[in-house]
Amino acid sequence: MNKIKNEAITTQSQDFAQWYTDVCRKAELMDYSDVKGFIIYRPYGYAIWENIQKYLDGKFKEKGHENVYMPLVIPTSLFQKEKDHIEGFAPETLIATIGGSQKLEDPLIIRPTSEVLFCDHFAKIVSSHRDLPKLYNQWCSVVRWEKTTRPFLRGSEFLWQEGHTIHESEVEARTHALDMLKVYETMGKDILAIPFLTGTKTEKEKFAGAEQTFTIEALMPDGKALQSGTTHYFGQGFAKVFNIQFQDKNNTLQYVHQTSFGVSTRLIGSVIMAHGDDNGLNLPPRIAPIQVVIIPIQPNQPGVLQKAAEIENRLKAIGLRVKLDKSDKTPGWKFAEYEMKGIPLRLEIGPRDLKAGMISGAFRFNHAKFSLEDSALEKETLLMLDDIHDAMYQRALTYLLDHTTEVKTMEELDHVLNVKLGYAKMMWSGDQKDLDLIKEKFQATARALPFNQTPFAATCLVSGKPAKYVVIIARAY
RNA sequence: CGGGAUGUAGCGUAGCUUGGUAGCGCGUCUGUUUUGGGAACAGAAGGUCGCAGGUUCAAAUCCUGUCAUCCCGACCA
């Protein structure tokens with residue numbers, strides 16, 4: 001029953017990285033293009049992104065954001081204004097140097113992120129405290145010339161959303177950055193069925209140009225962490241460089257306080273790894289492009305196809321995303337195929353069910369089979385999809401908790417990173433040199449300073465100096 | 001950017017050592033029978049052997065270069 005039916009997919013235990021790539025391609029989420037790092041988002045993969053977009057776009061608008069669209073290209077002279085920012089991104093920019101047949105005086109950088117465009121624009125449109133806050137969001141793609149690329153996890157081009165906001169006060173801006181982190185965290189719980197580790201990034205890991213960076217980190221089954229989204233408090237750094245000023249209520253000129261935040265199609269990679277298994281993809285119901293697949297058994301028998309179509313229509317009528325597979329593949333083939341594609345719920349209708357007035361089916365995530373009364377179809381299906389979501393979230397949460405370990409010695413750290421796998425929670429002096437040592441020894445980095453900073457030891461695990469922070473260490477994607 | 005591996009039909013591969021008509025499995029198409037966990041039979045289509053040079057009467061095969069993908073590092077959402 002649980003043995004591997006699809007020989008084409010490498011098993012996770014054989015080679016987790018290869019398993020991941022196999023799933024991406026076999027489930028038809030993406031395809032490679034002719035340019036390294038630039039992937040084709042196929043309909044099934046893109047539909048997952050659309051579902052994430054739909055959810056987030058709604059949440060952003062609830063928070064008062066407006067969508068805008070900035071240019072694809074940034075003049076080099078503009079990009080270079082903020083020092084830390086350019087230092088962070090310069091090594092991975094793609095630059096257009098020719099327009100038509102003429103060499104460009106000021107070469108155009110294909111945006112790796114749009115901070116400077118927003119800043120430049122904000123400076124022009126803001127003059128009074130009455131203009132604030134400005135809460136903008138942009139859906140677009142960005143380009144970063146990456147050396148190593150993997151589908152969804154790291155591409156030279158990826159789709160994302162970038163929010164950019166400016167505020168009158170530091171408190172308001174900081175609160176907003178944390179609010180948006182909460183939106184991301186809730187998204188994990190609501191639709192991705194992924195519990196995120198949340199916290200603050202260390203000085204070294206924070207965004208180029210930010211004063212403070214917050215993060216959501218997902219723990220993958222191979223024990224590695226995947227940074228899945230970040231929000232930033234920029235302070236007034238960009239505002240001063242780009243001269244984004246306003247007159248406050250006391251008639252004095254002030255610089256705005258700024259934030260930005262983003263999540264990308266990397267979330268798809270996160271979902272693939274967090275929930276997938278040796279049978280392939282396993283999608284949480286709320287982002288699954290197809291939530292229910294209906295498989296007619298012996299479709300030539302009287303009434304079977306009609307019933308299958310009726311079920312399809314009834315489920316569509318209550319707003320579900322449904323597919324009825326009328327093709328002449330055998331049922332066994334279809335079962336395996338739709339498991340591989342991660343469709344959360346399968347319904348089967350055949351002569352046996354017709355006679356009994358029942359509908360058979362199975363869950364993708366745990367392979368459990370069931371049978372339900374025809375009359376209860378709508379009600380039961382909705383309940384089951386919610387149950388599947390909750391169970392998937394719980395399973396991921398249990399994994400996260402089981403794989404978050406407090407460590408007090410180098411030996412324990414070694415054990416967590418190399419044997420037990422997952423997050424190592426340790427006390428840290430606050431000196432980056434101590435973390436550098438860990439990186440050198442274990443190729444692991446600080447993922448976050450968790451918001452819960454309750455100390456559990458007095459000294460830093462590495463240096464023995466007085467401990468300042470609780471920090472989460474892991475290998476990362 | 002360093003180290004390793006691989007490019008032959010949509011996918012997986014044989015052939016390469018020793019140059020001589022490009023083969024197999026899966027998938028695809030047509031038809032018939034099937035159908036409750038990856039069906040059977042019959043017929044058919046599908047190839048610039050990654051690309052570019054070179055050696056040769058002759059190159060998938062030998063030589064040089066190049067590109068891409070994957071893996072492992074360093075760098076990064």
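Letters A, B, ... are given to chains in the order of the sequence lines, protein chains preceding strands, and every chain is numbered from 1. When reading the values below, keep in mind they use all heavy atoms of this one structure, side chains included, and skip hydrogens, waters and symmetry mates.
- Heavy atoms of Y477(A) sit under 4.0 angstrom from at least one base atom.
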Atom pairs and distances, side-chain donor-acceptor, residues 438-450 of chain A, under 3.5 Å, sequence neighbours left out:
unit_1  : atom_1 : unit_2  : atom_2 : d
T445(A) : OG1    : R447(A) : NH1    : 2.7
R447(A) : NE     : E217(A) : OE1    : 3.2

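- Nucleotides G65(B) and G12(B), compared at atom C1', are 29 Å apart to the nearest Å.
- Other residues, nucleotides and ligands contribute more than 12 heavy atoms inside 6.0 Å of the NZ atom of K420(A).
- Atom CD of E373(A) has 12 or fewer neighbouring heavy atoms from other residues, nucleotides or ligands inside a 6.0 Å radius.
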Could you run through nucleotides 39-45 of chain B and give me one letter per nucleotide, 5' to 3': B if any protein heavy atom sits under 4.0 Å from the base, S if only the sugar-phosphate is that close, - if neither? B------
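- At the heavy-atom level, L153(A) lies under 4.0 Å from base atoms of the strands shown.
- A salt bridge links R314(A) to E310(A): one of the charged nitrogens lies within less than 4.0 Å of a carboxylate oxygen.
- Across all strands shown, Q227(A) has heavy atoms under 4.0 Å from sugar-phosphate atoms exclusively, and none from any base.
- Straight-line distance between the P atoms of U13(B) and C71(B): roughly 16 Å, to the nearest whole Å.
- Across all strands, T113(A) comes closer than 4.0 Å to no nucleic acid atom at all (heavy-atom distances).
- Using a 4.0 Å heavy-atom distance criterion, P91(A) is classed as making no nucleic acid contact.
- OP1 or OP2 of C71(B) has at least one side-chain nitrogen or oxygen of R150(A) nearer than 4.0 Å.
- Along RNA chain B, the nucleotide closest to A476(A) and the one closest to I349(A) are compared, and the more 5′ of them pairs with I349(A).
- Put simply, the side chain of N300(A) and the base of U35(B) share a donor and an acceptor less than 3.5 Å apart.
- Looking at R346(A), its side chain comes within 3.5 Å of the base of G37(B) through a donor and an acceptor atom.
- Contacts of E146(A) with the nucleic acid, taken as non-hydrogen atoms under 4.0 Å apart, include base atoms.
- Following rounding to the nearest Å, D22(A) (CG) and G10(B) (C1') show an atom-to-atom distance of 16 Å.
- Side chain K369(A) to base G37(B): a donor-acceptor pair is found below 3.5 Å.
- Among the heavy atoms of the strands lying under 4.0 Å from P299(A) is at least one base atom, whether or not backbone atoms are also near.
- Partners of Y469(A) by ring pair (Phe, Tyr, Trp, His ring centres under 6.0 Å), not counting sequence neighbours, listed by chain and number: W428(A).
- Legend: residues meeting side chain to side chain contact (heavy atoms under 4.5 Å, CB included) with A47(A), ordered by chain and number and at least two apart, are E50(A), P289(A).
- Partners of W160(A) under the ring pair (Phe, Tyr, Trp, His ring centres under 6.0 Å) rule, at least two apart in sequence or in another chain, are F158(A).
- Distance check on atom C1': U17(B) versus G25(B) gives 25 Å, rounded to whole Å.
- T230(A) comes within 4.0 angstrom of nothing in the nucleic acid, heavy atoms only.
- Nucleic acid contact for K439(A): sugar-phosphate only, since backbone atoms but no base atoms lie under 4.0 Å from a heavy atom of the residue.
- Where K334(A) and R447(A) meet RNA chain B, the nucleotide closest to each residue was compared, and K334(A) sits on the side nearer the 5' end.
- Among the heavy atoms of the strands lying under 4.0 Å from Q443(A) are primed sugar atoms or P, OP1, OP2 only; no base atom is included.
- Taking atom C1' on both A59(B) and U64(B), the two are 15 Å apart, rounded to the nearest angstrom.
- Applying the salt bridge (Lys or Arg N to Asp or Glu O under 4.0 Å) criterion to R364(A), with sequence neighbours excluded, gives D277(A).
- Distance CG (L354(A)) to C1' (G36(B)): 13 Å, rounded to an integer number of Å.
- Sorted by first then second residue, the ring pair (Phe, Tyr, Trp, His ring centres under 6.0 Å) pairs that include residues 68-88 of chain A, not counting sequence neighbours, are F79(A)-H85(A), H85(A)-F89(A), H85(A)-F207(A), H85(A)-F238(A).
- One atom, NZ of K206(A), and another, P of A77(B), lie 13 Å apart when rounded to the nearest Å.
- Taking 3.5 Å as the limit, the base of A77(B) and the side chain of S228(A) contain no donor-acceptor pair of atoms between them.
- Using a 4.0 Å heavy-atom criterion, one finds that G155(A) contacts the bases of the nucleic acid, with or without backbone contacts as well.
- When the salt bridge (Lys or Arg N to Asp or Glu O under 4.0 Å) test is applied to D57(A), the partners found at least two apart in sequence or on another chain are K61(A).
- With sequence neighbours excluded, the residues satisfying side chain to side chain contact (heavy atoms under 4.5 Å, CB included) with S141(A) are E157(A), L159(A).
- Using a cut-off of 4.0 Å between Lys/Arg side-chain N and Asp/Glu carboxylate O, R346(A) and D325(A) are scored as not salt-bridged.
- Using a 4.5 Å heavy-atom threshold, the side chains of M180(A) and T259(A) count as separate.
- Remark: K355(A) is not in phosphate contact with G36(B), judged by side-chain N or O atoms under 4.0 Å from OP1 or OP2.
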Where does RNA chain B pair, written as one dot-bracket string 5' to 3', with Watson-Crick or G-U pairs under 3.5 Å, ( ) inside the strand, [ ] for crossing pairs and | for another strand? ((((((((.[[[[.)....(..]]]].((((((.....)))))).....[[[[[..)....]]]]])))))))....
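- Within the nucleic acid shown, F89(A) has no heavy atom closer than 4.0 Å to any nucleic acid atom.
- A donor and an acceptor atom sit less than 3.5 Å apart, one in the side chain of R154(A) and one in the base of C76(B).
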Between the protein and nucleotides 6-9 of chain B, list the N/O to N/O atom pairs that are separated by less than 3.5 angstrom.
none

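- The distance between atom CG of D31(A) and atom P of C70(B), rounded to the nearest whole Å, is 11 Å.
- Counting only N and O atoms by type, the side chains of Q227(A) and R266(A) include no donor and acceptor under 3.5 Å apart.
- Between A42(B) and C26(B), the two P atoms lie 12 Å apart (nearest whole Å).
- For the C1' atoms, the distance linking G38(B) with C72(B) amounts to 35 Å, nearest Å.
- The separation of C70(B) from G54(B), taken at their P atoms, amounts to 32 Å, rounded to a whole angstrom.
- With sequence neighbours left out, K224(A) forms a side chain to side chain contact (heavy atoms under 4.5 Å, CB included) with D222(A), R475(A), Y477(A).
- Here, U6(B) and C76(B) have their P atoms 31 Å apart, quoted to the whole Å.
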